[in-house]
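Following: one structure in structure tokens, then a few remarks.
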Amino acid sequence: MKINRYNLIGLLKQDFFKSQIIILCCSVLLISTSSCSDDFIDVAPDDRIDTGAFFSNSDELVFAVNGVYASQRGIYGGLNFYNLQETRSDNVKNNGADQKERTENDTFEETSGNLLLVDAWVKNYILINNANTILARASDIPFDNSVEEALINRSIGETRFIRAMAYFTLVTMYGDVPLRTEPTTDFNDAILPRSSVANVYAAIVADLDTAITLLPDSYTGGTFNEVGRVTKFAAQTLLGKVLLQMGNKADASAALQNVIGKYSLLANYADLHAAGNDNTAESIFEITFNPKNQTGLGLNNLFIPASEASRLGIAAGGWSGVLPCAPSIDVTNIYEVGDLRAAASISSWDNNGNMETYISKFIDIAAAGAGSNINLVYLRYADVLLMKAEADGESAASYELINQVRRRAFGQDPGTADPAIDINAASPGTFLEKVMLERRREFAFEGHRWIDLLRLPDSEALAIINAHMVAEYSGVLYGGGVPVVQAYRLIYPIPQTEIDVSDGVVTQNPGH
Amino acid sequence: MKNTINLFLCLFLSGVLSAQQISGNVSSDDGPLPGATVLVKGTNSGTSTDFDGNFTITAGSDDVLVISFVGFSSQEVTVSGQDQINVVLVSSEDLEEVVVTGYGTQKRKDVTGSISSINASEIVSRPIASVEEAMLGMMPGINLAQRASSPGELSTVSIRGLGSITAGTQPLWVVDGFPTDQRNAQSINPADIQSVDVLKDASSTAIYGSRGANGVIIITTKTGKPGKSTLNLTVTNGSASAPKSGRMTVLNSEEYVQFHRERNGGTIPAFISNNWDGVTDTDWQDLIFRNGQFQNYALSASGGNEKTTYFISGNYLDQEGIVIGETQKKFSARAKVDYKASDKVTIGVNIAPNFTDLGRLSPGTDDSDWASLYAQSLMLAPILPVRRADGTFSMNSDLPGSLPVGNPLETMGNWDFDESIFTLLAGMHVEYEIIDGLNFRASFSANIGTNESETYYLPTVGQTVPIALSPVSSYSTSKNQTSSWLNENTINYKRALGEHSFDILGGYTLQNSVSESVSARTSELKVPGIRNVDIGNPDNRTGSNSRSESSLISYLGRFNYAFKEKYLLTATVRTDGSSVFGEDNRFQTFGSAALGWRFSEESFFQGLNLLNNGKLRVSYGTTGSNAIPPFASRSTYNTVQHAFGGSAVFGTSIGSPGNRGLTWETSTQLDIGLDLDLFDNRLNLVFDYFNNETTSLLLTKSIVPSSGYSTFLTNIGSMRNKGVEIALNTQLFSTEDWEWTVGGNITTNDQEILDLGGEDEIQNFFGALRRVVGGELQQIRGPKILKIARVGDDQTGQPLTTPGAYIYEDVNGDGAISNFLGADGQLVGDTNVDIMYGINTNVRYKNWELSALLNGQSGAWVYDFFQIQLAAPFRQTNLSKEFWYDGRYIDEANPGNGVTPAAGGFDTATGPVSSAGSVKTDYMRIRNLTLNYTVPSTFYDRLGLSSARIYTSVENLHTFTDFVGGNPEARRASAGGVALIGGSQIRSVTDGRELGLNSPPGLPMPRTWTLGINLNF
């Protein structure tokens, strides 16, 4: 075959025939390998948990649910959240020497850039995204038997309760918030506008209604059945609390009625927060802290002055410097003579010759570096009784509910009437004022006071707050002109980063 | 007389005989060539040479003998009556420079891309421990910064500027075809290296696709050649020191006391008067530096026949650092064998194990260099004795109010850090010549690297900053192993057809890499000296492990076409699929095209004798950078602890958000080049203009917090590096006795951040360093100092209002000076190297040869955190004499140089981050001087030697620079640990390949004198 030197086609043809077998072989090799190339480069990590491969069985689901419980610990165990809930109320004072942003939340001068607000927002939404992921994946988990099926259903119930609790926190703090019920998967399409308060509440109620159908009355203990997980009664109590906050007193009362008689008041009020006294007969739902597992409570260290911690022999120590949280002047005066709750909640310490008060409700003498062995009780039977009374309105039955709580507080049997302790329609103040005062005494420093105030008409809530501001800060932070807190301050500003990153799709609360 | 007789005889015999017996010898530069073919042209009559290269053949007087041998250019000799014909064959490689292009080689004249090369002859005569040192200053466009001069430390290498913010700026290192890492490349015995080829533009790097964006450095080791076996022995011995001229100059006691007297308003402060005996004057640097011995032994053998070739080598390097306790020992070996199984099939194997052992007597990791002996020796006050009266080690805390820095002698007694590195690169390949010009090659190779490190220390009390030394003893051990395998299958077709020539390459490759690490640690050791984690407090015993894996699948192709050897075209394509990216974006195709025009081949240049070669090149294309952690695209769960009551439970929560869409950074590169060889090849010029734009930079982007995440890693932003490179080599003159060559290269780089995904700037190091759109990669920000205040100057609003204090520029005119974060903070320097250069020269007179290498850079600024923050006057540490003492303002009669403030003229609020701390790092260094003597053969004929060479050399003879903060090319790998900004302690950043931070100062570059001998048998 003659090769024309310019005839490239001829050249290629000639070579093609010579080499076609090899090319064919190579082609086969390439085709056969390319079909599995996607597998070759689909390398999953095997030293960490890959989201895609997770949730393959009911055990893994329980682990993820445990993680959501742990997230609650991160929210409720931190000073930031405490500052936004209890310090904001008239129970606790911050002081001007503390970090500016913490003080601002106490004096109603917070801005939308306040890092504590961002922290509360971020942590609750991280929890919600974890919960949404669990709920999105749970129904696809295969099960072999009814035990596993029950575990899956219970896990869904626990998760919906915890998600409801997070949204309840958000809606009471921020008002309208983005209502996310699906996990975030597309980062380029993650922006969601706010939903109305009514819609958020509807979602919370739906979560709790479902949780009630899926959760057990109690737990037997042991692996996967640890006492301290959410029960049906916890869901019913929270539902009652939510409905009460919504102003739906009739439904609140009905929900709470399911819990009446299922728990009892502890004889000794101080035992409620004693170290290691977890999940008592009065306790309905607690945020668990335990130093054995490096999950101890550290928040209470900030309540105790260092010198006092040293005097008491608490190895974990206390706060050296001016306390970031201390009882307000007002709260130290609410207790009657003989009310054991006063001494259980507030103590005095010697600050270089001046006797000052500190929050002594959560003290673990044995606390060391890993924190205190104290659970934060979020729902307890005394709350059920007082909420039920509030929901039902003024009646003899309601006064009896209140008086059960009062009698225990004075060291008496809750079921035995005692005219020296009991209150009734003739006692001073309106019924609502009496309920609120009792709640304040009972739950001081437990993180309920701020949303209790929000259940009052705005004008009443503002009156209490402004009186507290004047009593606490006149002459301390301000001269005579303590700024008057406006109604818009009853909800917090939406964190500015949410608004900025969403390019304004998420809007700010009016006034802020 | 003898010649005349021979000539006569030849003439006589040729006249008489038509055919004659001819004997001769065939040899090469390396000696006789056994097995060479000697053929009478046009006949089948021929013979081959014997073991000594001798042959005899019968041929007529007019016959032409064709002498050929594989790997050498054939020669033709007309008999014309000679009876003795000796031929020296020239290696075909020597005839025309060949460059390694990745998956193949190409003649230099045909290359259309930008490739710089160095070869063995430029490496062997210097006392270098690694390939990095061989490359330094020799090639344009390549920046090698020796960030630490301790033995075994890796340099920071970048090609044509830093083109990425987070995804890595390291070039790809390819060793004998295996894409590996810098540690592997560094471990190679420099004497084994045949060539280093640096691929710099898209035309040359696109064949490496997703790993080519930062350039590719190809290291090719030597291969045996057919012919007589050679044995090569090199022995180098020497000594390294830290000359005073290279050290940081600090104050002696008299100066220290004087300075603090001035700072204290004229009286000696109590911390001195209470603690100084008036005599003590300790030179702490003298206590840590030493003369370190350097020994290197390299032995290699190579040779073979037409069937089999081999190269075998062994190397032992024993290097002491200039700081007491720093050592490097390296053992390496290589065996490379190629076997031609048939006319069509060649198989080969290459095995190179390497063992390196590194030792230090101080913390050995980058981020704790604050506890380095050097940093301590610079900061301890000269008025302190080595030991206190009670025999314990003194330290700065003995001077109340001083920064509590520990004593280097105590540190070196308490610390022991040891690192053992084993690397193995092993592979085999088979080549099959399907038809003439069409070759199939398959290779399978593995790269295994293990790194074991051990840190042992005894309690060291007293140093709490800049980094705390542990007050309890501790032992930790860790082991990392990376195993990767590579399978490459390529098919290559080369064909010349008249005026057309083609070189077509296609390939399919697979690579997989697994990294595992295990570590264990304990503290409070009960029995000192025992290296076992059981020996400490059981409660403090911890262990951890990690594992990651990545895979890469690639399809590649390259098409080289030349028409009339004048018009050149290269087109390259590579499709990579990588496991490290999001599942939506794992495959991407990269490609480039280049044109070359060898205009010197055009007829209108043919008459011009001055132009030997002229080529114009243009290339354009894209490459990628995949240097992110293997699982960054994946969302993962973290483990969390929880307990219900007393029952601990295991929990999980969402950790890294991942990003399914995560993909490569892409670099789009334009290169325009000109190659000129002039005046009988005595002047070679290579010019390149480059413009590289990196897009889809990997940066974190904010996401609405209500999503459950705050940021995620994504591809946003872009930046650009552009500049020119010029390399010039001239042979000024060349005679039999004299030869003088001069070479030089210079590179400029103009760097700019084009986009940061919508953000104006990214703050780094608390905002003292920033990445700003429109600026260079890293900017230093702070208030700008206008002058040193004199009596009568308006100092209203200035932090200090005494004479001798800084006067800062009030940018916003508000009558007050803000700190660096405020309105008066401005750009006071940026860290990009604008210009770098290298100069080398070589003078030969007869057997003597003197060569010199200089290199330098300019345009890069650094934030000298050390001088301005840590060893600053208010810390009461020792101080840089040049920075703080010489030329300071004393009074109006002694106003100093106008730059250095008075002893008390430095304010701690504004001063620590201001233009005073932003300093230039320009330098020029005499990197190497070598004198070579080639021993005449008369001396060693009887010893069986074929050549012998003796050389003496000095590395880092001197550095010219105004930079006073240690080694000017030092770049911190990270700035971890604790930082001090404005006098308060803050946790520092850990990122920092290009962080413009001098913290702590780099060790002086060791001045190493060596004497070596090289023998060839």
Side-chain angles (χ1 to χ4, degrees), chain A residues 3 5-6 8 11 15 18-19 22 26 29-30 33 37 40-43 45-51 54 63-64 66-71 73 118 121-122 125-126 128-130 133 177-178 180 184 187 190-192 226-229 278-279 288 290 292-295 495 497-498 501-502 506, chain B residues 434-435 438 440 489 491 493 495 497-500 508 510 512 545-553 555 577-579 583 586 630-631 634-655 657-659 661 701-710 712 714:
Chain A
I3 302 174
R5 61 194 297 180
Y6 295 113
L8 302 179
L11 168 89
D15 287 330
K18 276 188 179 177
S19 58
I22 289 298
C26 291
L29 181 74
L30 288 178
T33 46
S37 67
F40 182 69
I41 57 168
D42 191 22
V43 178
D46 53 10
D47 69 334
R48 68 203 82 183
I49 302 163
D50 190 38
T51 307
F54 202 50
F63 298 148
N66 291 345
V68 187
Y69 281 102
S71 301
R73 217 177 59 231
V118 175
W121 179 272
V122 166
Y125 272 110
I126 287 174
I128 287 166
N129 189 47
N130 272 282
T133 307
V177 291
R180 294 176 184 271
T184 303
F187 298 130
I191 297 166
L192 196 67
E226 294 85 359
V227 177
R229 292 180 177 277
D278 300 342
N279 301 308
T288 304
N290 195 315
K292 276 187 186 158
N293 204 25
Q294 303 294 320
T295 57
T497 52
E498 181 78 19
V501 179
S502 74
V506 176
Chain B
I434 300 157
I435 54 166
L438 182 67
F440 174 75
N489 310 284
I491 191 156
Y493 182 59
R495 175 95 191 203
L497 186 68
E499 292 175 320
H500 308 272
Y508 167 66
L510 295 168
N512 174 273
N545 75 304
S546 69
R547 189 182 136 91
S548 67
E549 182 175 356
S550 64
S551 289
L552 185 72
I553 186 169
Y555 308 91
S578 169
S579 65
E583 58 185 302
R586 284 191 182 143
F631 299 127
R634 298 226 169 216
S635 70
T636 54
Y637 268 79
N638 291 337
T639 61
V640 293
Q641 302 294 327
H642 192 59
F644 292 106
S647 316
V649 295
F650 176 81
T652 58
S653 69
I654 296 172
N659 178 355
K701 186 178 183 180
S702 294
I703 178 171
V704 277
S706 66
S707 65
Y709 303 98
S710 54
F712 68 107
T714 187

For this session: Show the numbers, then the answer: is there a side-chain contact (heavy atoms from CB on, under 4.5 Å) between A:Tyr69 and B:Phe644?
Result: CA-CA 9 Å; A:Tyr69 281 102; B:Phe644 292 106; 3.5 Å; yes
For this session: Evaluate the criterion salt bridge (Lys or Arg N to Asp or Glu O under 4.0 Å) for residue pair B:Arg634 and A:Asp47; output intermediate values, then yes/no.
Result: CA-CA 13 Å; B:Arg634 298 226 169 216; A:Asp47 69 334; over 6 Å; no
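Under a 3.5 Å cut-off, the side chain of B:Ser551 and the backbone N or O of A:Phe40 do form a donor-acceptor pair. For A:Arg48 (side chain) and B:Ser548 (main-chain N/O), no donor-acceptor pair under 3.5 Å exists by modelled atom type. Side-chain N or O atoms of A:Asn66 include one that pairs as donor or acceptor with a backbone N or O of B:Phe650 at under 3.5 Å. For the pair A:Glu498 (side chain) and B:Ser706 (backbone), a donor-acceptor distance under 3.5 Å is present. When atom types are taken as modelled, the side chain of A:Thr51 and the backbone of B:Ser635 share a donor-acceptor pair closer than 3.5 angstrom.
Between chain A and the options B:Gly661, B:Pro657, B:Gly655, the largest number of non-hydrogen pairs under 4.5 Å is found for B:Pro657. For the set A:Val227, A:Thr184, A:Thr295, the entry with the most heavy-atom pairs within less than 4.5 Å of chain B is A:Thr184. When each of B:Ser550, B:Ser653, B:Ala643, B:Ser546 is scored by its heavy-atom pairs under 4.5 Å with chain A, the top score falls to B:Ala643. Considering only heavy-atom pairs separated by less than 4.5 Å from chain B, the leading option among A:Val118, A:Val122, A:Asp50 is A:Asp50.
Listed here is the closest heavy atom pair of A:Arg73 and B:Gln641: NH1-O, 2.8 Å. The shortest non-hydrogen separation linking A:Ile126 to B:Gly708 is CG1-O, 3.3 Å. When all heavy atoms of A:Ala70 and B:Val640 are compared, the pair lying nearest together is CB-CG2, 4.1 Å. The two residues A:Thr497 and B:Pro705 make their nearest non-hydrogen contact at OG1-CG, 3.6 Å. For the pair A:Ala64 and B:Thr652, the tightest heavy-atom approach, listed with the atom from each and the gap, is CA-OG1, 3.2 Å.
A:Tyr125 places none of its side-chain heavy atoms less than 4.5 Å from the side chain of B:Ser707. Counting only heavy atoms from C-beta outward, the side chains of A:Asn130 and B:Ile654 approach each other to under 4.5 Å. For the pair B:Leu552 and A:Ile41, the minimum side-chain heavy-atom distance is 4.5 Å or more.
The structure places CZ of B:Arg586 at 4.5 Å from CG of A:Asp42, a figure rounded to the nearest 0.5 Å.
Residue contact with chain B, scored on non-hydrogen atoms closer than 4.5 Å, involves the backbone and the side chain of A:Ile191 alike. Both the backbone and the side chain of A:Ser502 come within contact range of chain B, each with at least one heavy atom under 4.5 Å from a heavy atom of that chain. In this structure, the portion of A:Phe54 lying under 4.5 Å from any heavy atom of chain B is its side chain and not its backbone. Both the backbone and the side chain of A:Asn129 come within less than 4.5 Å of a heavy atom of chain B. With a threshold of 4.5 angstrom between heavy atoms, B:Val649 approaches chain A through its backbone and through its side chain.
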